[in-house]
Colleague: 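I have a structure here, written as structure tokens, and I will follow up with some questions on it.
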Amino acid sequence: MPKKYDPHKIEKKWQKFWEDQKTFEVTEDFKHAEKKFYSLIEFPYPSAEGLHVGHPRPFTAMDIVSRKRRMEGYNVLYPIGFDAFGLPTENFAIKTGRPPAEVTAKNIANFTRQLKALGYSFDWSRQVNTSDPAYYKWTQQMFLQFFKHGLAYKKNLPINWCPKDKTGLANEEVINGCCERCGTPVEQRDKDQWMLAITKYADKLLEGLKTVDYITPARVQQENWIGRSEGINITYEVEGSGAPVTVFTTRPDTNFGATFIALAPDGKFVIENLEKFPERVKVEKYIAETKKKTDMERAQAGKKKTGVFTGWYAINQLTGFKMPMYVSDFVLGNVGTGALVGVPGHDLRNFEFAIEMGLEIIRVVVGPDGDASPITKPEQVQEETGAMVNSEFLNGLPIMEAKNKIMDYIEAKGWGKRQVNYKLRDWVFSRQHYWGEPIPLVYCENCKNKKQKVLIIHGFTGRADKNWLPWVKKELELRGFEVMTPTMTTTDRPILEKWLEELLPLAKQLGEDDVIVGHSLGGKAALHLLEKLKNKIGYLYLVAPALATLTDEDLEIKKKKKPERDYSTVQSFWNAPLDWQKIKNKVFSGNAIFSNDDPSVHSVGHDVLPEGWQVQTVSGYEHFTVEPEIPVLLDLFLQSKHTGWVPLPESELPLELPAVAKYQPTDTGESPLATMTSWVNTTCPRCGGEARRETDTMPNWAGSSWYFLRYTDPNNDKEFASPEKLRYWTPVDWYNGGMEHTVLHLLYSRFWNQFLFDIGVVPTSEPYKKRTSHGMILGPDGEKMSKSRGNVINPDEMIEKFGADAFRCYIMFMGPFDQAVMWDTNGLVGVRRFLEKVWGLQEKIGESSPPALSIAMERGLAPPSLAKEGWGEVSQRQTLSILHQTIKKVSEDIEAMRFNTAIAKLMELVNEMTKQISLLPTHYSTLIQLLSPFAPHLAEELWSKFGDGTPLAYSAWPQFDPELAKESIITIVIQINGKVRDELTVAPDISEDEIKKLALESEKIHKWLEGKTPKKIIYVKGRLVSVVV
RNA sequence: GGGCGCGUGGCGGAAUUGGUAUACGCGUACGUCUCAGAAGCGUAUGGAGCAAUCCAUGAGAGUUCAAAUCUCUCCGCGCCCACCA
């Protein structure tokens, strides 16, 4: 007789076994790279409260998937770590004075104990902790990469300020105008903040979504958050003033119906022109009133529209209509251009405003049934069928066509330019807190004030006074640069040695803040110059550089295009070999820019330029030789303008958090680090002069933006992960997390990964192949669990009472995985009973034949219809059939995350086996395998007795055999006019004709037919016969 | 206001995607074991009816031999977004 099921004993035993045997530690199997599987869960924040019952839901789900994958022969990485920076720990430190690092270590130890008690197949050897200097060294290094590529910048801007937490918040962290964490209404405050330019990745983030397998709501939420809208910026002349007004609109098709302009009180136009408004006094008074309102109040729906006339009119070029210009608070300064063109006929807010102000309302799109009558009621505003009216050359066109036609027209007339707008804002990356990664920059006044030099090298036949060179020189000089634009003596018949001879003396004057710009062949020259140069320079900008090999054919094409040139020396210049090793470390930041209508773009890219160099492509400037002014270039070159912020050299990373006396943020809003003068005052790594450290720290989204990369090689101290291991493991095959993270964390980490891909340090652009989400676990009262409600369930207690296996199974059984479910401790009882039954089945194992039919009949276990066959054979076949149905169902359900029905099917199988008098060991061992992902400890214990000697975790996942799954008898339902009237028990391979015949012979059916002849008989294979009379 | 989703026994939830509605579990009732209780085990369990049958998937209509599933109109609930031009 087996002993009683004792989960505590079994669970401890097998947890120790897995740990001792290193069962779940993985190493890369580079030879079979296609058989890897990387499954990921969102790593927990190690709070003082310990594990919450919400955590085990995704952890168990992915543990089940991972365990199944191992049994299917995959090399599975299922890692765990801790997202350890965060406010709760800091707040605890403020209260108690205990160092956050110490508290964190203690919390992690507690989490680790709890997680291990649940028997997860994590590879604990790869554990990461974002607050460990060995980890955040790389977070800091990556931040410096953003900085070097001009994607991190400091900006004084009104930020969301939480007066309680004393910290700035990202837009994404503000929920309905309140702090996401503490619910305090958010104030606006001006503060210098580090920003990451995620908006530059808006398109890539949107495009990337098309290549990944995310559950629909996650994809849609990301798309909405990025909020791309295509429209046009239209500039209107303003009567009597020198200043035209520019508005952004997504509905230019309705422009014939534009009757007013509304300006944001805090918008650019109002700020610049306030002094000149004829109605200045009234406007000022209105703005003062607006300022009393929070953004929250201004954004309130259904509010009565207010506004004040400025005294100016803008002219609608299409109609000549004099559009009065108003200042109104329903227009927001940070949306579009901070100004809108009012079309009251086709926008409800515009309509309400027009009614308040008594403005004209013109219909330009017909309503239902071709209604073209004037619009008088709000309901009519958005009744649009598609045909334009009262719009001259647009009349009769559908909206989309009209939109394109009018945009073409406006652009042709020079009144406006198409514009893509995004809802996405740049990422506020500064926190005025102690417990985060220090930002590894120092501020050096000396470096800031030093005059920077720019050396611009022209291309083949270029000169100092050609193309954009004079213009850029002037613009850069205006901004304090010293610009050198030499003309090469051999510009028309270029000879590399000559060029270098002339350029070297100039380049030798350059230092680490200075810039070299090379256009076309000058780009090639710049690289050769760097080869020769002993000193390091700051920035290199290659503008459509001649980097690809110039073949004979290419040369012929060029000759045909411009036959007047002397090409005799170009090819040897162009194709001179480069030593990238010598060049790479000579520049702090390398950039290349191409125009997409430039032939050279096709052959140059990441493969030619060194890792870490940024490449961008713009449109509309063929080889950068046509336009005299190219603002894109100026923007690019200005990235090198010294702001005084100097990055620490990598050798000085990690910049560790110093010990401080107090963790409270200062009242000025600076972080507690600001009070550490001995830490703050330092020397500049660039010039050696006096400098101050940045005292802001990073948000806790930083460390979690790349943790999945670190798991691939967590102990590497040379790089954040080795390229081979990254190539082997990434992308993550399956990432499960909470819906609440689909906009914040998921977007940030995608951005971070795409950037790392662009600088060539990770192998894939998209970090996660597949994304799924779990629903929340609510308290027994149906409310969100929280300490204040007192409805929190403690997992420790549940494991103590029912065992980890029962707990795991219940969490998966309680309801559909993606939906919110209520906790019900009673439910655990049922699952525990199920496991007891599985345990009890041991008694029935026997190699010999099952008992005689007579006993089975006696106990009512054998259906009389089967009396002809041997009972044992039949009962075993029945078990086998259900067993195979279960293999199919469990295998499929795990893939689709229908864990609840997988367990239900296992319960059915066990109930069936319980009815049997005897059980074959192979049937039992298959059950154990199917159960093992859900209840791994119990499964291991039973496998040690009934398994085949192989380690359970790596035993082969049972294979479904459709033949064996076939049932020996099936039930066919007979319907008459859709109502079930009888059922027949038949062999599964019965023919259609035969079953139809049997159906009509049925006594009950005869009765129901009442002698009528069936009109139609429908047979659904294996299910039913439907008779229609 | 916009978008997404949901509504099935006393409760959590199933339903091969249009094919026997209520699988599996909880709870409940009765039986069994026990000095007794708990835990087991067994049987029953959507509603009405002695029964044959009839009625049931938020309400109402439609398509179909057949609808929880598809279509339309309501009602109720949840989440996300929102004077975004």
Side-chain angles (χ1 to χ4, degrees), chain A residues 175-176 216-217 220-221 223-225 227 229 231 247-252 254 261-262 264 298-305 328-332 334-343 346-350 352-353 378 382 421-423 739-740 742-743 775-776 782 809-810 813-816 818-834 836-837 840 860 885 888-889 892 898 900-911 914 971-983 1004 1007 1014-1029:
Chain A
I175 309 295
N176 294 328
T216 312
V220 170
Q221 276 192 36
E223 284 169 355
N224 291 344
W225 196 264
S229 60
V247 301
F248 173 74
T249 176
T250 52
R251 291 295 305 274
T254 61
I261 296 281
R298 279 175 62 181
Q300 208 89 56
K303 199 200 71 184
K304 193 181 160 185
K305 299 285 176 290
S328 176
D329 65 4
F330 84 91
V331 187
L332 302 178
N334 57 356
V335 176
T337 59
L340 66 82
V341 53
V343 184
H346 301 279
D347 180 284
L348 199 58
R349 291 156 298 132
N350 292 183
E352 288 166 2
F353 187 79
Q382 269 140 0
N421 261 19
Y422 298 93
K423 220 164 86 180
M739 254 347 254
E740 69 275 20
T742 46
V743 271
M776 221 188 303
C809 289
Y810 172 62
F813 182 64
M814 57 198 301
D818 58 349
Q819 281 171 38
V821 277
M822 256 185 267
W823 182 268
D824 176 16
T825 304
N826 283 333
L828 254 161
V829 175
V831 176
R832 170 66 188 260
R833 278 182 199 148
F834 160 65
E836 301 262 11
K837 272 189 195 174
Q885 289 168 31
K888 182 165 191 275
K889 179 93 177 133
E892 288 172 358
R898 291 186 298 247
N900 52 336
T901 50
I903 292 173
K905 190 72 192 176
L906 283 166
M907 286 173 167
E908 281 184 63
L909 173 65
V910 168
N911 288 345
T914 306
T971 310
I972 302 276
V973 164
I974 325 267
Q975 296 182 344
I976 294 183
N977 288 343
K979 297 228 183 255
V980 179
R981 296 304 180 193
D982 197 9
E983 50 183 56
K1004 284 189 190 160
K1007 198 181 117 204
K1015 278 186 207 147
K1016 203 159 58 163
I1017 303 174
I1018 297 152
Y1019 175 54
V1020 181
K1021 195 167 185 308
R1023 302 219 166 266
L1024 57 78
V1025 177
S1026 184
V1027 183
V1028 189
V1029 287

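Lettering of chains follows the sequences in order, A, B, ..., and the numbering in each one begins at 1.
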Colleague: When you compare the protein's N or O atoms with those of nucleotides 4-13 of chain B, which come within less than 3.5 Å of each other, and at what distance?
Modeller:
| unit_1 | atom_1 | unit_2 | atom_2 | d |
| --- | --- | --- | --- | --- |
| B:G12 | O2' | A:Met814 | O | 2.8 |

Colleague: If we take the C1' atom in both B:A39 and B:C33, what is their distance in whole Å?
Modeller: 11 Å

Colleague: With the 90 degree cut-off around zero defining syn, does B:U43 come out syn or anti?
Modeller: anti

Colleague: Applying ring-ring contact (aromatic ring centres under 6.0 Å, His included), name anything that partners A:Tyr810, two or more places apart in sequence or on another chain.
Modeller: A:Trp823

Colleague: Between atom CG in A:Asn977 and atom P in B:U20, what is the gap in whole Å?
Modeller: 17 Å

Colleague: Reading nucleotides 37-47 of chain B 5' to 3', which nucleotides get B (base under 4.0 Å from a protein heavy atom), which S (sugar-phosphate only), which -?
Modeller: ---S-------

Colleague: What protein N or O atoms touch nucleotides 51-58 of chain B N or O atoms at under 3.5 angstrom, if any, and at what distances?
Modeller:
| unit_1 | atom_1 | unit_2 | atom_2 | d |
| --- | --- | --- | --- | --- |
| B:C54 | OP1 | A:Arg981 | NH1 | 3.4 |
| B:C54 | OP1 | A:Arg981 | NH2 | 3.3 |
| B:C54 | OP2 | A:Arg981 | NH1 | 3.2 |

Colleague: Quick one: does A:Lys305 reach the base of B:C83 with a side-chain donor-acceptor pair under 3.5 Å?
Modeller: yes

Colleague: For the C1' atoms, the ones on B:A23 and on B:G58, what distance do you get once it is rounded to whole angstrom?
Modeller: 23 Å

Colleague: Less than 4.0 angstrom between a side-chain N/O of A:Arg349 and OP1 or OP2 of B:A82, yes or no?
Modeller: no

Colleague: Any pair with a residue in residues 900-909 of chain A that passes side chain to side chain donor-acceptor pair (under 3.5 Å), sequence neighbours left out, goes on the list, sorted by first then second residue, please.
Modeller: A:Asp893-A:Thr901

Colleague: According to the Watson-Crick and G-U wobble definition with distances under 3.5 Å, which dot-bracket string, read 5' to 3', encodes RNA chain B, using [ ] for crossing pairs and | for pairs with another strand?
Modeller: (((((((..(((......[....)))((((((.......))))))(((....)))..(((((..]....))))))))))))....

Colleague: Check every strand shown and say whether A:Thr250 touches a base, only sugar-phosphate, or nothing at a heavy-atom separation below 4.0 Å.
Modeller: sugar-phosphate

